[in-house]
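In listed order, ligands and their atoms are each counted from 1. FYI, side chains are in, hydrogens and waters are out, and symmetry mates aren't considered; it's all heavy atoms of this structure.
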Amino acid sequence: MSGLPAATRIEELDWVPRQRLPALRRLGLQTLGDLLRHFPRRYENRVKFDRFPDEASETPVCLFGVVRKTVYRRFGSRRIFEARIEDESAGVLGSPLICRWFNMPWVQKMITGDQQIVVFGKPRVRGKQVVMEHPEFEVIEEDAERSIHFDRITPVHPAGDGVTPRALRVLIHRALEETDPATIPLLWPGNAVSARVWREVHFPENFGEQENARTQLVREEFFGIQLVVCARYAAMRGQGGTPKPGDGSSWAKVQSSLPFELTASQRKVMEEISADLASPHRMNRLLQGDVGSGKTLVALRAMLQAAESGWQAALMAPTQILAEQHYLNFRRILDPLGIPVVLRTAARKESSGGTDEGAHASRVSDPAARRIPPLVIGTHALLFENTGLERPGLIVIDEQHKFGVLQRSRLIARGDAPDVLVMTATPIPRTITQTLYGDLDVSVIREKPAGRGKVITAVREPSKLPDIIAFLREKIAEGRQAYVVYPLVEESEKLDVKSARAEFEKWTGLLAPARVGLVHGRLDSDEKELVMREFRAGTIAALVATTVIEVGVDVPNACIMLVEEAARFGLSQLHQLRGRIGRGAEKSYCILLQENPDRTAKEKLNALETTSDGFVIAEADLRLRGPGDILGTAQAGLPPLRLGDLLRDGELMTEARKAARALLESDPDLSLPGHEHFREFVENTSARTGIAEG
Ligand code: ADP
Ligand code: MG
């Protein structure tokens, strides 16, 4: 087969209308190859349409009919255009469908009587009529191109302003005819993708064919992603690092002072991290473990090992509250052993604990007296200011999900090349770990410490509030503590969200004489710290809070959480919030308040009622958020996902990862002959996403 090279620019082609070029450019379509890689977002079976429905359905249907009547109406500022569509083949027996568009004047220009039309949408019942509101539609014309659009499985491509799916379909159909498939750049080793797949993915004869073609192309797409992340990993490994073997003495002391045994999982990940630190490679590792699995001690052990090896070690938390908590926690453990630890936050540049050495050590003005504070705790923000760290050999990032990939890449690029350990409580399905964190080694804590009380989760209507309040009062009278979380959207202060102050006063009244505290993002850090200290000490019985308590806060005596307007929060976020309770031996209760939850809200809240397994919840979260590139691969500095689905195509990702790894092991900088196109792909992707290496 001959034809044009895939790199041919579309403005050079006389069959691409000039006036479409800006719209195509907006979709990122500049070459023939781009057109072929512009994959359908769905298909319509225009050989066999669905039957005209007589009831509502949540699954969209695709119908073919004739426009019998159009009506245009105005209600005040609302303009309604209505088209009555009939099923020609059903005759008088068929029930018509009413399609409605509000305030979309251009639709009226496109639809006129007696046209043949395809509509796609969810049928609803309004009175006695079956109605579709804002369906996708396409007028079918009796022209030379009819066979591209009709009587076949028809692709619907992602369209945009100035270019419809119909127009794209014509262009892509033509591109398939004109392009020499041998010139389409492919990455998958051995070019397993055969020339046919391009036609089959856009204009399949049947759905089996489409599925096969899709699989081949997803493989290709995933390999591109893995090539980028594995190359990033190889580059980092190649930088070299400093071995930090330590002698284990500080940790031995800490361990023998702990009032509990480590879990087997904790021990295992500690060994992995310890070995990695001791090796001459730079460490770049992700520690995953559900909320409450005990990651902080793992961090502490790693930090002690780095300090014993003569390096400063820093633990960075996403919020000030959490930084303070880690600091107090470390001091409680380390003070008796005489190991110094320093807190650095934006609010209060430093305070020191343990011995005087902490404070003394960071006084830079007197180089002779200067010694490096071994352990530093601060907030993420400090990493990028010049205030913090003198000789960081290890940086631990707590709660990675609050820490962007771009920030991580800046961290890795630091001239002082510290070892990096990022910790996350967000359980991530394996495929996603391999993708978004594919440039990291991974350690996973799989079990939680024994002896934790059960957490019971219940969804309730606000009408049940009196019972719930009685229950709260009872538990507080027994000496327990509670969180009341409400959805104040920080910074944006939406009008419909109850104000912090009013909430606080309401609960103070409801729970009197017990003391209620208030904490939210707008308090200054001293105020926050004061409230948290009192809550930790138990002098505050209930804490009214925004999601500032979402991450990390650890108060084992708090065993009730009431979440107001729970459906406003994301599923994973609710799981994180719930992680604040169930930390002691007591049974804990998480009450999710929601008035009239819609279907998605119900599903979301039910998921929390039925499971506390973070991985199950993470997958449900992804499913509920629906398809599309919800993970934002671009933010992770990766090529966009056009075809693959990280949940559905997990095995293909694993396969792609293996292949990419093998390639990079044989050629870590992709410099061997024949590997030029791999390197070019990696470099282009990194340049495009602004994530530069090393
Ligand atoms: P997370 O993984 O959510 O950061 P933390 O490190 O805050 O969890 O640990 C939660 C609580 O569990 C802390 O109070 C900690 O002291 C305690 N803890 C950690 N490891 C164990 C263990 N092996 N047995 C019992 N309690 C533990
Ligand atoms: Mg934590």
Side-chain angles (χ1 to χ4, degrees), residues 251 254-271 273 285-304 314-336 377-380 396-403 421-428 442-455 481 483 532 535-538 547-559 561 572-586 588 612-615 617-618:
W251 174 249
V254 169
Q255 194 175 356
S256 58
S257 76
L258 291 176
F260 46 70
E261 290 288 304
L262 296 176
T263 64
S265 261
Q266 277 173 314
R267 261 178 288 155
K268 178 165 169 286
V269 301
M270 283 177 181
E271 288 312 318
I273 294 166
R285 184 171 285 272
L286 176 72
L287 173 61
Q288 243 182 299
D290 207 350
V291 283
S293 57
K295 294 184 291 297
T296 317
L297 280 175
V298 177
L300 177 57
R301 169 158 179 197
M303 291 168 76
L304 290 171
L315 171 61
M316 309 317 247
T319 64
Q320 178 139 356
I321 290 181
L322 200 50
E324 310 255 354
Q325 179 186 285
H326 282 322
Y327 172 66
L328 294 175
N329 187 13
F330 276 23
R331 281 197 58 182
R332 207 184 55 230
I333 299 172
L334 300 177
D335 280 3
I377 295 180
T379 54
H380 289 170
V396 184
I397 307 292
D398 195 16
E399 310 296 351
Q400 147 86 19
H401 65 292
K402 298 274 165 180
F403 191 74
L421 176 66
V422 294
M423 309 201 290
T424 179
T426 314
I428 313 162
V442 181
S443 293
V444 185
I445 304 186
R446 297 197 185 275
E447 59 183 339
K448 286 195 196 174
R452 295 273 168 88
K454 226 175 126 74
V455 179
Q481 288 168 283
Y483 296 97
M532 290 312 293
F535 189 61
R536 248 177 245 126
T547 52
V548 290
I549 59 143
E550 173 189 339
V551 289
V553 174
D554 183 39
V555 180
N557 188 48
C559 67
M561 174 170 285
S572 292
Q573 199 177 18
L574 287 167
H575 178 69
Q576 289 292 318
L577 278 169
R578 181 171 60 175
R580 297 311 114 225
I581 56 173
R583 293 180 163 247
E586 283 296 308
S588 290
S612 58
D613 182 329
F615 285 90
I617 285 172

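For the residue pair Ala323 and Thr379, the shortest heavy atom distance occurs at CB-CG2, 4.1 Å.
Ligand 1 has no nitrogen or oxygen under 3.5 angstrom from a nitrogen or oxygen of Pro449.
Salt-bridge check for Glu271 with Arg301: passed, with a basic side-chain N closer than 4.0 Å to an acidic carboxylate O.
Of the options Gly294, Gly584, Pro556, the smallest heavy-atom separation from atom 8 (O) of ligand 1 is shown by Gly294. Taking all heavy atoms of Glu261, Gln325, Gln576, Arg580 into account, the minimum distance to atom 23 (N) of ligand 1 is reached by Glu261.
Side-chain atoms of Gln288 do not come within 3.5 Å of backbone N or O of Val442 as any donor-acceptor pair. With hydrogens and angles ignored, the 3.5 Å screen pairs a side-chain donor or acceptor of His380 with a backbone N or O of Asp398.
In Thr296, the parts holding a heavy atom less than 4.0 Å from any atom of ligand 1 are both the side chain and the backbone.
With Val298 as the fixed residue, the side chain to side chain contact (heavy atoms under 4.5 Å, CB included) test singles out one of Val269, Val396, Leu262: Val269.
Ligand 1 has at least one atom lying under 4.0 Å from a heavy atom of Gly292.
For ligand 1, the atoms closer than 4.0 angstrom to any heavy atom of Leu262 are 23 (N). Here is the list of ligand 1 atoms found below 4.0 Å of a heavy atom in Arg583: 3 (O), 7 (O), 10 (C). Atoms of ligand 1 found under 4.0 Å from any heavy atom of Thr263 (numbered from 1 in listed order, with element): 23 (N).
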Walk me through it: do Met532 and Glu324 pass the test side-chain contact (heavy atoms from CB on, under 4.5 Å)? CA-CA 9 Å; Met532 290 312 293; Glu324 310 255 354; over 6 Å; no
